[in-house]
Amino acid sequence: MQTDIDPRTLIGRKAFDRNGHKIGTVDEVYLDDATGIPEWAAIRTGLFSRDAFVPLEPSELVEGTLQIPFERALIKDAPDFGVGRHLSPEQELQLYHHYGLDVSDSGAAPPPDRDFGRLADSDDT
C-alpha cells in the first residue's frame, strides 16, 4: 500500500475483495505507533453489520477504491474487536494469523512492549 497518502483520505472509500466483490466502506484507519504508517483498516460491511479489520500492507488503492487481496468470506470472518479504540499487540497478532501474514521477516512475535494499532486522528500517545 502507498505509505505517502494521508490515512484520513481512505475513510469513506469503497473496499473490494480479490475477486472484485464489494466488501463495504472504509470506516477507520489504524496506524502503527512506531512508524505512523497506516497498518489496518476497519471496513463497515453493511448497514447493520460490524466492521471487519483488513491489513493495508498487501492492499492497494486503485482508482479511488481499496483493493484487498483476500476473499470476502475470510474478511468477514476476521476477529471482531470493535472500532474506535486501540488494537493491542495480541489483537494484532490474531489478525496477522487470521490472514496468514508473517509478523516479521523472522516470523517471531513482536516484543511485548511494542505499541500497535493507534487509531488515525486519535490524540492518544
Is there side-chain contact between [X] and [Y], with heavy atoms separated by less than 4.5 Å?
X	Y	result
Thr25	Ile43	no
Glu39	Leu56	no
Pro55	Trp40	yes
His98	Asp77	yes

Check your understanding: Which is it for Gln67 and Thr65 under the side-chain hydrogen bond (donor to acceptor under 3.5 Å, both in side chains) test, yes or no, and what are the steps along the way?
Key -> CA-CA 6 Å; Gln67 305 293 317; Thr65 64; 2.6 Å; yes

Working to the nearest 0.5 angstrom, can you tell me the gap between [X] [atom1] and [Y] [atom2]?
X	Y	atom1	atom2	result
Leu61	Glu63	CG	CD	10.0 Å
Arg18	Leu74	CZ	CG	9.5 Å
Ile68	Glu60	CD1	CD	11.5 Å
Asp32	Glu57	CG	CD	11.0 Å
Ile75	Thr45	CD1	OG1	10.5 Å

Review point. Taking only residues two or more places apart in sequence, or in another chain, which ones meet Tyr99 in a ring pair (Phe, Tyr, Trp, His ring centres under 6.0 Å)?
Key: Phe70

Review point. Who passes ring pair (Phe, Tyr, Trp, His ring centres under 6.0 Å) against Phe81, sequence neighbours left out?
Key: none

Which atoms form the tightest heavy-atom contact between [X] and [Y], and what is the distance?
X	Y	answer
Arg50	Pro79	NH1-O, 4.1 Å
Val29	Ile11	CG2-CG1, 4.2 Å
Ala78	Leu95	CB-CD2, 4.5 Å
Leu31	Pro7	CD2-CG, 3.7 Å
Pro58	Pro69	O-CG, 3.4 Å
Phe53	Ala42	CE2-CB, 4.3 Å

Practice item. State which residues pass salt bridge (charged side-chain N to carboxylate O under 4.0 Å, His left out) with Asp17; sequence neighbours excluded, sorted by chain then number. Key: none

Practice item. Not counting sequence neighbours, which residues clear side chain to side chain donor-acceptor pair (under 3.5 Å) with Glu71? List them please. Key: Asn19

Check your understanding: For His86 and Asp33, what are the C-alpha separation, side-chain angles and deciding distance, and is it a side-chain contact (heavy atoms from CB on, under 4.5 Å)?
Key -> CA-CA 10 Å; His86 196 272; Asp33 285 339; 2.9 Å; yes

Exercise for review: Without swapping roles, check the side chain of Tyr96 against the backbone of Gln91 for a donor-acceptor pair under 3.5 Å.
Suggested key: no

Review point. Under the 3.5 angstrom rule, does the side chain of Arg13 hit a backbone N or O of Gly64 as a donor-acceptor pair?
Key: yes

Exercise for review: Report the residues that fulfil side-chain contact (heavy atoms from CB on, under 4.5 Å) with Lys22, sequence neighbours left out, ordered by chain and then residue number.
Suggested key: Lys14, Phe16

